[in-house]
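Computed from heavy atoms alone, side chains included, the values below leave out hydrogens, waters and symmetry copies. We count residues from 1, following the sequence as given. As the structure lists them, so they are numbered: ligands from 1, and atoms in each ligand from 1.
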Amino acid sequence: MHNDIARVLITEQELHDRIAELGKQLAADYADKDPIFLGVLKGVVIFFADMVRATPIRSQFDFLVVSSYGSGTTSSGHVKMLKDVSCDIQGRHVVILEDILDSGITLEYVTKHLLEMQPSSLKICTLLDKPSRRKSSIIADYVGFTIENEFVVGYGLDYDERYRNLPYVGILKPEVYSK
Ligand code: PRP
């Protein structure tokens with residue numbers, strides 16, 4: 001698995017340190033708000049687990065499952081909701097947690113859907129932001145790392161459902177996805 005990685009982009013230590021900083025920021029901003037941390041599965045699963053533990057305040061979890069990438073490296077542009085939220089978010093402070101904001105098509109769909117449920121506030125916290133690829137007006141409120149236009153895997157992010165369990169964020173060798 002590690003042999004398919006051209007280069008480590010963000011190390012375990014860098015992830016740990018940045019998430020600690022983001023956690024302090026979220027804890028300060030949401031101290032008395034009892035927020036719902038809403039993870040967009042599956043890519044967020046590792047970041048979610050680390051992020052919520054770095055944010056030691058009264059809070060609630062929920063998840064939704066969407067998919068738009070299929071087995072390719074670019075978004076199909078069609079977002080499928082595979083599982084909706086399971087709690088009532090009306091009147092609540094919601095923080096969407098995502099692993100990566102790329103074209104923004106996924107979060108555009110998700111935020112539009114969630115706003116219909118009338119939360120008190122809705123913010124976005126993404127581990128990775130690739131602004132050069134944006135095809136929507138979505139802007140994240142909390143960003144772990146802004147990255148260049150490279151295809152990254154690991155720490156939850158996949159290529160064809162593989163590499164999610166790498167402990168770092170790495171750049172996949174192009175020959176792996178051009179096979
Ligand atoms: C990935 C990622 C984001 C989305 C970002 O999800 O987890 O949800 O793509 O891309 P966008 O900004 O271009 O829409 P994917 O559809 O691959 O599903 P996954 O979370 O199960 O990996």
> Please, which pairs that meet salt bridge (charged side-chain N to carboxylate O under 4.0 Å, His left out) have at least one residue in residues 23-37, sequence neighbours excluded?
Replying inline: D34-R58, D34-R92

> Which pairs count as salt bridge (charged side-chain N to carboxylate O under 4.0 Å, His left out) when at least one residue sits in residues 105-118, sequence neighbours excluded?
Replying inline: none

Taking non-hydrogen atoms only, is [X] closer than 4.0 angstrom to ligand 1 via side chain, backbone, both or neither?
| X | answer |
| --- | --- |
| K135 | neither |
| D99 | side chain |
| R164 | side chain |

> Do L128 and D99 pass the side-chain contact (heavy atoms from CB on, under 4.5 Å) test, and can you show the C-alpha distance, the side-chain angles, and the key distance before you say yes or no?
Replying inline: CA-CA 6 Å; L128 305 176; D99 52 321; over 6 Å; no

>> Suppose I only count heavy atoms of S67 and a 4.0 Å limit; which atoms of ligand 1 are within that range?
In response: 16 (O)

>> Under 4.0 Å from a heavy atom of S103: which atoms of ligand 1 are those, numbered in the order shown and with their elements?
In response: 11 (P), 12 (O), 13 (O), 14 (O)

> Considering D158, T106, L157, which one's heavy-atom position lies nearest to atom 14 (O) of ligand 1?
Replying inline: T106

>> Side chain or backbone, does G104 bring an N or O within less than 3.5 Å of an N or O on ligand 1?
In response: yes

> Going by distance only, is there an N or O of G43 that falls short of 3.5 Å from an N or O of ligand 1?
Replying inline: yes

> Does at least one non-hydrogen atom of L41 fall below 4.0 angstrom from an atom of ligand 1?
Replying inline: yes

> More than 12 foreign heavy atoms under 6.0 Å from CD1 of I139: is that the case here?
Replying inline: no

>> I'd like to know whether CD of E148 has more than 12 heavy-atom contacts from other residues, nucleotides or ligands below 6.0 angstrom.
In response: no

> Is the F48 ring parallel, tilted or perpendicular to the F63 ring (thresholds 30°, 60°)?
Replying inline: tilted

